[in-house]
Amino acid sequence: MKHISSHLKRAVGDARTTERGELMEYFCKELNRDRRRDGLAPISMGRMGKMLQAIPTKDLYYLKKVCDDASNFSK
């Protein structure tokens with residue numbers, strides 16, 4: 001039988017997941033792939049949060065759509 005803490009940790013992690021956080025992870029993943037190729041340091045989640053803090057979530061969805069349709073995501 002598993003210890004009760006193994007069930008509690010998973011429940012806490014799911015409760016903290018937000019759509020804004022998922023978008024931040026998506027942008028970090030896509031931008032860092034190109035940054036690694038160019039020899040630059042990766043962008044951390046904290047830095048990404050600071051850059052995106054003034055942009056509303058609905059505008060982030062539009063920005064994601066535009067970047068996905070572009071030929072080069074990071075430009």
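All values below come from the heavy atoms of this structure, side chains included, with hydrogens, waters and symmetry mates left out.
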Straight-line distance of [X] [atom1] to [Y] [atom2], nearest 0.5 Å:
| X | Y | atom1 | atom2 | result |
| --- | --- | --- | --- | --- |
| Cys67 | Tyr26 | SG | OH | 8.0 Å |
| Leu31 | Leu40 | CG | CG | 11.0 Å |
| Leu23 | Asp59 | CG | CG | 11.5 Å |
| Glu22 | Glu25 | CD | CD | 7.0 Å |
| Met24 | Thr57 | CE | OG1 | 10.5 Å |

ILVMFWY cluster, Ile55 and Tyr62 together (side-chain gap under 4.5 Å): no
With sequence neighbours left out, what residues match Asp69 under side-chain contact (heavy atoms from CB on, under 4.5 Å)? Lys65
Qualifying residues under side-chain contact (heavy atoms from CB on, under 4.5 Å), relative to Lys29, sequence neighbours excluded: none
Any donor and acceptor pair, going by atom type alone, linking the side chain of Arg35 with main-chain N or O of Ala41 inside 3.5 Å? yes
Nearest non-hydrogen partners of Pro56 and Arg20, listed with the distance: C-NH1, 3.8 Å
Determine whether Ile43 and Phe27 make a side-chain contact, defined as any pair of heavy atoms from C-beta on separated by less than 4.5 Å. no
Flag the pair Leu60 / Glu19 as yes when at least one side-chain heavy-atom distance between them is below 4.5 Å, and no otherwise. no
Among Met48, Arg47, Arg33, which one satisfies side chain to side chain contact (heavy atoms under 4.5 Å, CB included) with Cys28? Met48
